[in-house]
Amino acid sequence: MTASTLKVRVARKEVEAADICTFELVRADGGALPPFSAGSHIDVSLPNRITRQYSLCNDPAESHRYLIGVLKDPSSRGGSKAIHELVKVGDVVEISTPKNHFPLAHEAKRSLLLAGGIGVTPILCMAERLATVGADFEMHYCTRSRDRTAFLDRIQRSSFVRRVQFHFDECSDDQRLDIAVLLAEPNAGTHLYVCGPKGFMDAVLSNARRQGWEESHLHYEFFAAEPVKSDADGSFEVMLSSSGKVVVVPKDKTVVEALAAAGTNVEISCELGVCGTCLTRVLEGEPDHRDLYLSPEERAANDQFLPCCSRAKSARLVLDL
Ligand code: FES
């Protein structure tokens with residue numbers, strides 16, 4: 001365990017909706033947990049030795065527990081299946097202290113919160129925070145059906161229920177979310193937050209960009225993705241600027257894997273290009289960005305990349321390592 005990790009005990013595990021469980025985590029030594037802000041996540045080390053990120057969805061004012069909600073994804077690479085099937089009440093697991101890559105923008109005059117499926121976890125926390133401070137916001141929550149809608153009761157009993165619109169795929173077309181209409185009038189004071197499946201987020205973000213929303217007003221967090229691999233992937237070299245050492249990255253290995261084999265470890269967590277832990281500065285060469293973490297501007301600058309999934313378009317990258 002390090003200074004940034006904690007042992008927590010699973011105090012409660014409940015079925016929240018079809019295929020979705022919540023896990024209430026309390027400090028194993030009984031103390032208070034480190035504070036967090038809306039949009040934060042924790043890294044959870046799972047019994048099958050992989051680490052996954054889960055957004056905190058309880059009230060940030062609470063210090064006695066963290067609450068996470070997890071969808072059992074049939075296409076899971078082991079994360080959601082492991083936590084659903086292997087983690088039980090009473091188990092002690094290691095987590096990181098909270099990190100926030102998806103914070104609320106304090107300068108926003110109005111917030112538009114869009115959640116797709118289990119992407120509701122950080123969005124709900126944001127809605128509760130905005131309601132607590134009396135901020136202006138509107139939330140849209142899209143799910144396949146009512147029985148797959150996590151936190152339905154909690155939202156319906158909340159003080160801000162009138163600010164929330166539910167959109168169920170199973171219902172009539174007229175209550176489905178019309179993204180183009182919703183985003184039709186970008187406003188200088190309005191910030192957009194979106195979390196959900198990749199297809200949903202791509203649709204929202206591409207629509208917003210097309211309709212002229214400022215990039216700095218778009219806030220998003222991808223929570224799962226399969227790294228893009230291609231048969232056309234080739235090998236390339238990375239050079240470590242500190243030592244001049246050159247490492248060949250074969251076509252079937254990631255930069256992180258190739259560096260580890262050569263004795264250089266980069267800190268990693270998700271290994272899916274979503275958490276930002278492995279972010280590394282690029283001093284020369286052109287990365288082939290495969291992550292879902294960097295914004296379009298950050299990608300275009302080509303001065304940093306995520307070596308757990310991204311590759312190179314140039315024959316060599318010089319890295320600030
Ligand atoms: Fe999460 Fe690379 S380890 S983005």
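Numbering of ligands and ligand atoms starts at 1, following listing order.
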Q: Would you indicate which of S310, C275, C278 comes nearest to atom 2 (Fe) of ligand 1 when only heavy atoms are counted?
A: C278
Q) Which ligand 1 atoms are under 4.0 Å away from a heavy-atom of G273? A) 4 (S)
Q. Counting from 1, what ligand 1 atoms have a heavy atom of C308 closer than 4.0 Å?
A. 2 (Fe), 3 (S), 4 (S)
Q) Would a distance-only check, ignoring hydrogens and angles, find a side-chain to backbone donor-acceptor pair under 3.5 Å from R65 to E24? A) no
Q: Could you tell me whether R110 and D136 have a side-chain N and a carboxylate O separated by less than 4.0 Å?
A: yes
**Q.** Q53 and K99: CA distance, side-chain angles, deciding distance, side chain to side chain contact (heavy atoms under 4.5 Å, CB included) verdict
**A.** CA-CA 10 Å; Q53 289 67 43; K99 307 171 191 181; over 6 Å; no
Q) Is M139 linked to I179 within one hydrophobic cluster, defined over Ile, Leu, Val, Met, Phe, Trp and Tyr using a side-chain heavy-atom separation of less than 4.5 Å? A) no
Q) Is R163 positioned over the aromatic face of F137, cation under 6.0 angstrom from the ring centre and no more than 45 degrees off axis? A) yes
(Q) For the residue pair H41 / H101, report whether a side-chain donor-acceptor contact shorter than 3.5 Å exists. (A) no
Q) Is atom 1 (Fe) of ligand 1 under 2.8 Å from any N, O or S atom of C270? A) yes
**Q.** Proximity of S269 to ligand 1 by residue part, where a heavy atom lies under 4.0 Å
**A.** backbone
Q.
Can you tell me which portion of V274 lies within the under-4.0 Å heavy-atom range of ligand 1? Options are side chain, backbone, both, or neither.
A. backbone
Q | Heavy-atom nearest neighbour in the protein, as seen from atom 4 (S) of ligand 1, with distance rounded to 0.1 Å | A | G276 N, 3.3 Å
